[in-house]
Amino acid sequence: MKKENKNLFIAGLILGLGLVGAIDGIVFHQLLQWHHMILSPNIKLEIFTDGLFTALFSAKLLWGGMKIFQDARKDELGTSWKIFTGGIFIGGGAFNIVEGIVDHHILQVHRVRPLAENPLFYDLAFLAIGLLLVIIGFMIKRMEKEA
């Protein structure tokens, strides 16, 4: 892969991580109120950790935007929408897979919908969506001849 396309792919990957983190935080933490970053009887701790999560995905969005700006200034940024979009999908899917495995299953700090009749169903659906996003991302990226 040419350096310009690699820079574009990495920027898309970083933005995908931040974008799906934002969707998780806004939809599951705030709008649906299914869970917090750390489930605890202490609401202050739950809100504090949600704030840290928001800061983390916001930093990823800023980082991705800054990378695009810096690479464009150096004239080292590709122009393929397929590579960029593929990177966004792969980054978003990687977020779901890593967050789902680490937070839901290894650390068990929260589940997607802990008060559901079958919380495991939601946890597994979260992982499946992540895997689907990664597969779609690679399919989009492969459509580019120089990828």
Side-chain angles (χ1 to χ4, degrees), residues 1-71 77-78 80-144 146-147:
M1 183 184 310
K2 293 188 328 188
K3 182 178 183 178
E4 292 83 4
N5 285 337
K6 184 177 177 183
N7 287 337
L8 188 63
F9 177 74
I10 291 171
L13 197 76
I14 295 166
L15 287 172
L17 287 166
L19 180 65
V20 173
I23 291 169
D24 183 329
I26 292 168
V27 174
F28 296 130
H29 295 214
Q30 296 170 1
L31 296 177
L32 297 175
Q33 299 178 13
W34 282 1
H35 67 256
H36 295 279
M37 192 59 212
I38 294 180
L39 291 178
S40 164
N42 182 345
I43 188 67
K44 288 184 177 183
L45 177 63
E46 290 183 328
I47 293 172
F48 178 76
T49 56
D50 282 351
L52 292 177
F53 180 69
T54 300
L56 183 63
F57 71 69
S58 297
K60 288 177 190 167
L61 291 171
L62 285 173
W63 179 22
M66 300 247 331
K67 177 160 180 49
I68 288 173
F69 178 74
Q70 289 176 335
D71 291 339
L77 188 65
S80 169
W81 71 268
K82 295 170 189 165
I83 289 176
F84 184 63
T85 305
I88 290 173
F89 272 79
I90 293 168
F95 171 87
N96 264 29
I97 292 169
V98 171
E99 207 262 336
I101 291 173
V102 173
D103 292 339
H104 303 165
H105 298 284
I106 295 174
L107 299 176
Q108 299 182 354
V109 292
H110 71 257
R111 304 187 82 164
V112 174
R113 193 170 184 191
L115 300 178
E117 238 179 74
N118 186 0
L120 183 61
F121 169 79
Y122 291 91
D123 293 344
L124 294 177
F126 192 82
L127 289 172
I129 290 170
L131 181 61
L132 182 63
L133 289 173
V134 169
I135 291 169
I136 291 171
F138 276 111
M139 289 173 64
I140 293 171
K141 185 176 173 277
R142 286 186 62 183
M143 291 168 43
E144 180 63 46
E146 295 182 20

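The chain is numbered in sequence order, starting from 1.
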- [ ] Answer yes or no: are there more than 12 heavy-atom neighbours, outside M143 itself, under 6.0 Å from its atom CE?
- [x] yes

- [ ] Identify, with sequence neighbours excluded, every residue that meets side chain to side chain contact (heavy atoms under 4.5 Å, CB included) alongside I135.
- [x] L131, M139

- [ ] Compare every heavy atom of G65 with every heavy atom of L15, then report the nearest pair and how far apart it is.
- [x] CD2-N, 3.9 Å

Task: Residue list, side chain to side chain donor-acceptor pair (under 3.5 Å) with T85, at least two apart or on another chain - done: none

Open item on the list: Just to verify, what does P114 make a side chain to side chain contact (heavy atoms under 4.5 Å, CB included) with, not counting sequence neighbours?
Closed with: H35, L39, R111

TODO: Please list all pairs passing the salt bridge (charged side-chain N to carboxylate O under 4.0 Å, His left out) test where one or both residues lie in residues 4-30, with sequence neighbours left out.
DONE: none

Open item on the list: A59: which residues meet the side chain to side chain contact (heavy atoms under 4.5 Å, CB included) condition with it, sequence neighbours left out?
Closed with: none

TODO: With sequence neighbours excluded, give me every salt bridge (charged side-chain N to carboxylate O under 4.0 Å, His left out) pair touching residues 39-56.
DONE: none

Task: Results of side chain to side chain contact (heavy atoms under 4.5 Å, CB included) for F138 - residues two or more places apart only - done: I90, V134

Identify all side-chain donor-acceptor contacts of residues 92-103 below 3.5 Å with residues at least two apart in sequence or on another chain.
from	atom 1	to	atom 2	distance (Å)
N96	ND2	F126	O	3.1
E99	OE1	H104	NE2	3.4
E99	OE2	H110	NE2	3.1

TODO: Output all residues satisfying salt bridge (Lys or Arg N to Asp or Glu O under 4.0 Å) with K82, sequence neighbours left out; order by chain, then residue number.
DONE: none

TODO: May I ask you to test the L62-S58 pair for a side-chain heavy-atom distance under 4.5 Å?
DONE: no

Task: F53: partners by ring-ring contact (aromatic ring centres under 6.0 Å, His included), with sequence neighbours left out - done: H29, F57

Task: Minimum side-chain heavy-atom gap L120-H105 below 4.5 Å - done: yes

